[in-house]
Number of protein chains: 2
Amino acid sequence: MAVTMNDVARAAGVSLKTVSNVLNDYEFIRPATKQKVLDAIAELGYEANLTARSLRSGKSRMLGLVLSDLSAPYYAELASRLMTVASARGYRVLVEQSAALEANELSALHGPFRQLTDGLLFTPLALDADTVADRRGSKPLVMLGEHIEDPRFDLVTMKNIGAAQAMTAHLLAGGRRRIAVLGAAMEDDAGSPGLRLTGYREALAAAAVDFDPALIVPSGWRRDAGASAVGALLDSGVVFDAVFGLNDALALGAMHELLIRGVKVPQDVAVAGFDDIDEARFASPALTTVAPGMEEIAERSVGLLIDRVEGTETSDEGVHIEAGFELKIRASAP
Amino acid sequence: MAVTMNDVARAAGVSLKTVSNVLNDYEFIRPATKQKVLDAIAELGYEANLTARSLRSGKSRMLGLVLSDLSAPYYAELASRLMTVASARGYRVLVEQSAALEANELSALHGPFRQLTDGLLFTPLALDADTVADRRGSKPLVMLGEHIEDPRFDLVTMKNIGAAQAMTAHLLAGGRRRIAVLGAAMEDDAGSPGLRLTGYREALAAAAVDFDPALIVPSGWRRDAGASAVGALLDSGVVFDAVFGLNDALALGAMHELLIRGVKVPQDVAVAGFDDIDEARFASPALTTVAPGMEEIAERSVGLLIDRVEGTETSDEGVHIEAGFELKIRASAP
DNA sequence: ACACTTTTCTGCAACGATGTATCCAGATGC
DNA sequence: GCATCTGGATACATCGTTGCAGAAAAGTGT
C-alpha cells in the first residue's frame with residue numbers, strides 16, 4: 001500500500017540502509033548517491049513511517065501535556081503556545097486532561113500516555129512531590145506552573161508569591177483595606193493557591209493591615225466558582241472593599257456576580273485577578289490582573305523538556321526557572 | 001529495560017503468542033492458562049507497547065483534530081469535550097493548529113499528522129471541498145462545524161442559518177431595526193460566516209426590514225477584531241441599534257468597545273453572539289447568544305469518526321448530522 | 001605494488017507486537 | 001482400531017525502520 005524505504009531503495013538502485021542513511025544525514029554518502037535517493041523519494045512520494053521509526057528508535061517526538069481541563073482559558077492559551085513552540089522544534093504535543101483528579105494524574109504518569117511521549121509537561125494538582133518522584137521509567141518530566149519545591153524535578157513556574165504580593169500592594173495603595181481572596185483554602189500551603197495567599201499575607205503585613213480569615217474564601221477555579229464564592233461572601237455579611245481572585249476566571253465570575261447584585265466595580269469593590277488571559281482585557285470593566293509571563297513559561301518549559309529529551313541538558317539537580325511577571329492595571333482596580 | 005511479551009511468556013511458561021492471544025481475547029484458551037498469563041502480567045507489571053502494536057496493526061487509537069487555534073474559547077471548549085468523549089471510547093485526540101492557513105491545513109491532511117491518527121476531525125477554514133477530497137490515503141475524515149455541502153464527506157455541523165435567523169428575529173422582535181453584523185464578508189457564501197449572514201438576511205426579509213450593506217462589517221473572529229470592527233463602525237457614523245457578532249469572542253470584544261466608548265448595552269445598542277462559550281454567561285452584561293449544541297456535536301462527531309474507523313458505519317454517502325440549537329437570551333439583548 | 005586508512009555502502013538483526021499456518025492432544029464417529 | 005474433528009497451544013514471518021558490524025571501493029604513503 002504505502003511506499004516504503006524498500007521501494008525507494010529499489011527505485012534508486014541502492015540498499016535499503018543507504019536510504020535510511022540519507023534520511024538520517026549520515027556523514028559519508030557521495031553527493032551523487034544522495035541525489036539519486038532524494039530523487040526516488042520525491043518521485044515515489046515516500047514518507048517515513050513514524051510508527052516504525054518510533055518503535056526502532058524508542059522516540060516518538062511527542063511531548064505529553066497533563067493539565068486539569070483544556071477548556072479553562074489559562075490552560076487553553078498555554079497549551080496553544082506550548083504547541084506552537086514545540087512545533088518549531090519538530091515536536092508535537094499530546095494533551096491529557098486530568099480533571100485535577102489524583103487517579104487521572106497517576107494514570108498519566110504511569111499509564112499508556114507516558115509510553116506515547118518522549119517527555120512530560122506536568123501540572124500537578126492532586127499529587128505531591130513524593131508520589132510523582134515514584135513514577136516508573138525515567139523519561140524527562142518538567143513541572144509546570146506549580147511550585148513543588150523539590151530539587152528532584154525540573155520546574156518552570158511563575159513568581160506566585162511576588163506577584164500576589166505586588167497585586168495586593170496595589171490594592172492597598174488604592175486604599176482598599178478589606179481584600180477578600182477567592183480560591184484558596186487557609187491551610188493549603190503547597191501549589192499556586194497557597195503561594196499566592198502567602199504573597200497576599202506578606203503584603204498585608206508589610207502595610208500593617210490585619211489579616212482576617214473571614215476574607216479568605218476557598219473555592220474552585222472556574223467562573224461559576226468565583227460567582228458563587230463572592231455570592232456567599234455577600235450573603236454572609238462580611239464587609240469587603242476588594243476581591244482578589246487567584247485566577248482570572250474566578251475573578252471574572254466574581255465580578256459578574258457583584259455587578260448582577262448591584263455592587264459597583266471598582267467604586268464599591270475593586271476586583272483583581274491572576275493570569276492575564278485574553279478575556280481579562282475585554283471584560284467590562286477590564287480586569288486588573290497579573291501577567292505571569294506565559295510566553296516565557298511556554299518557551300522555556302518546552303525548551304527545557306526537549307533539551308532533556310535530547311540529552312542537551314544534563315544537570316543532575318532539577319533546573320528551576322521562574323518567569324517574570326507584570327501587573328496589568330485596568331479599570332476593575334485602578 | 002521494559003517488560004515485553006516475551007518476558008511474560010517465559011514467566012508464565014507459555015509461548016509468546018499465547019500471551020498475545022490472552023490480551024486479544026482469543027476464544028480458545030483454557031481458563032487455567034489464561035490465569036497463568038494474567039498472573040505473570042500482573043507480577044511483572046507488563047504493559048503492551050503501543051508503538052509496536054500500532055506498527056503491526058496499522059491502528060494508533062488516536063484521532064486527529066485540526067482547528068485554527070486552540071486558544072479560541074469555542075475551540076478550547078470543543079476540544080476539551082471531544083477529548084472526553086474519545087477517551088470514553090478508548091481513543092486519544094491529537095490536536096493540530098492550522099492558524100486558518102491553507103498551507104497548514106494541507107499539511108495536516110497530507111503530512112505526518114495523518115499517519116499518526118486513525119481518522120481526522122477537520123475544521124476547514126481555508127481549503128475548499130475539492131482540495132480536501134484530493135487527499136492521499138483513505139483514512140476516515142469527519143468535517144466539523146463547517147458546512148461544506150458535499151456528499152463525499154461526513155459532516156457534523158450546527159444549524160447556522162436557522163440559528164442566525166432566530167437570533168436576528170429575536171433582535172427584531174426587541175424593536176431593533178439597524179442590526180450590524182460583525183465577522184462576515186459580503187461575498188463570502190461558504191462556511192459559517194456566510195451561512196450565518198444568510199440567516200440574518202432571511203430574518204430581515206421575513207420582517208420586511210431593508211438590508212443595508214453598510215451594517216455588514218467583515219472582520220476576524222477574535223475579541224480584538226470585534227472591538228476594532230465595532231470601533232470602526234462607530235467612527236464611520238453608521239447608525240445602528242444592535243450588534244450581532246458571528247461568534248461570541250467577537251461579540252464580547254465589540255461589547256467591550258461599546259461600553260468603553262460610553263454606548264449603553266443594551267439600552268443604546270443590543271449585543272448578541274454565537275457559540276455560548278462559558279465566558280458569555282459571565283460577561284457584564286451577560287451575553288445573549290446561540291448555544292449551538294456543542295455537547296451533541298462533540299458526541300456525534302467522535303462517535304461517527306470512531307464508527308468509520310472501526311468499520312461500524314459503512315454508508316457510501318457522507319453522513320450528515322446537524323445539531324440542534326437554542327437561543328440563550330441574556331441581559332445584553334433581552 | 002603493498003600495506004594501511006578513510007570513505008562509501010551493504011546485510012543482518014532487532015524493536016515488540018500480531019496474523020497465518022500448523023501442530024498436538026484428546027474426543028468423537030463408525 | 002483407525003480416520004476425523006476440534007479445542008488449545010505454538011512457530012514463523014511480518015510490520016518499516018535503525019544500529020552494528022563489516023565489506024568494498026577509493027585514497028595515501030613508501
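Proteins get letters first, then strands, A, B, ... in listed order; numbering begins at 1 in each. Below, each value reflects all heavy atoms present in this structure, side chains not excepted, and no hydrogens, waters or symmetry copies.
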Tell me the interatomic distance from B:N6, atom CG, to D:dA11, atom P, rounded to whole angstroms. 11 Å

Tell me: CD of B:E27 to P of D:dG7, nearest whole Å? 8 Å

Is the phosphate of D:dT17 approached by A:Y46 (side-chain N or O, under 4.0 Å from OP1 or OP2)? yes

Under 4.0 Å between a side-chain N or O of B:N21 and OP1 or OP2 of D:dA9? no

So what does B:L23 hit on the nucleic acid, given a heavy-atom distance under 4.0 Å: a base, only sugar-phosphate, or nothing? nothing

If only side-chain N and O atoms of A:R30 are considered, is one of them under 4.0 Å from the OP1 or OP2 phosphate oxygen of C:dT7? no

Under a 3.5 Å threshold, yes or no: a donor from one side chain and an acceptor from the other, between A:D128 and A:T131? yes

Shortest non-hydrogen contact from B:L70 to B:A76? O-CB, 3.3 Å

Presence of B:R56 side-chain N/O under 4.0 Å of C:dG16 phosphate oxygens OP1/OP2: no

Note: for A:S15 and B:N49 on DNA chain C, the residue whose nearest nucleotide lies more 5' is A:S15

So, is A:S54 near the phosphate of D:dT17, with a side-chain N or O under 4.0 Å from OP1 or OP2? no

Ignoring backbone atoms, test whether A:S20 places a side-chain nitrogen or oxygen under 4.0 Å from the OP1 or OP2 oxygen of D:dG19. no

For side chain to side chain contact (heavy atoms under 4.5 Å, CB included), just list the numbers for B:L23 and B:Y46, CA-CA rounded to whole Å, side-chain angles, deciding distance to a tenth of an Å, and then say yes or no. CA-CA 11 Å; B:L23 288 169; B:Y46 167 78; 3.7 Å; yes

Rounding to an integer number of Å, can you tell me how far B:Q115 CD sits from D:dG16 P? 11 Å

Could you give the CG-to-C1' distance, from A:L55 to C:dA13, as a whole number of Å? 13 Å

Nearest whole Å is fine: how far is D:dA23 P from A:K17 NZ? 16 Å

Judged by each residue's nearest nucleotide on DNA chain D, which is more toward the 5′ side, B:I29 or B:S57? B:I29

Take the protein atom CZ of A:R53 and the nucleotide atom P of D:dC15, then report the distance between them rounded to whole Å. 18 Å

Tell me whether A:R89 is salt-bridged to A:E310, with the criterion being a basic N under 4.0 Å from an acidic carboxylate O. yes

Is it the case that over 12 heavy atoms from other parts of the model lie below 6.0 angstrom from the CZ atom of A:R152? yes

Nucleotide of C:dT10, C:dA17, D:dT18 approaching A:T18 most closely (side-chain heavy atoms): C:dT10

Sugar-phosphate, base or nothing in reach of A:L16, heavy atoms under 4.0 Å: base

Contact class for A:T33 (heavy atom, under 4.0 Å): base, sugar-phosphate, or nothing? sugar-phosphate

How many whole angstroms separate atom CZ of B:R10 from atom C1' of C:dA17? 15 Å

Between atom CZ in B:F28 and atom P in C:dG26, what is the gap in whole Å? 18 Å

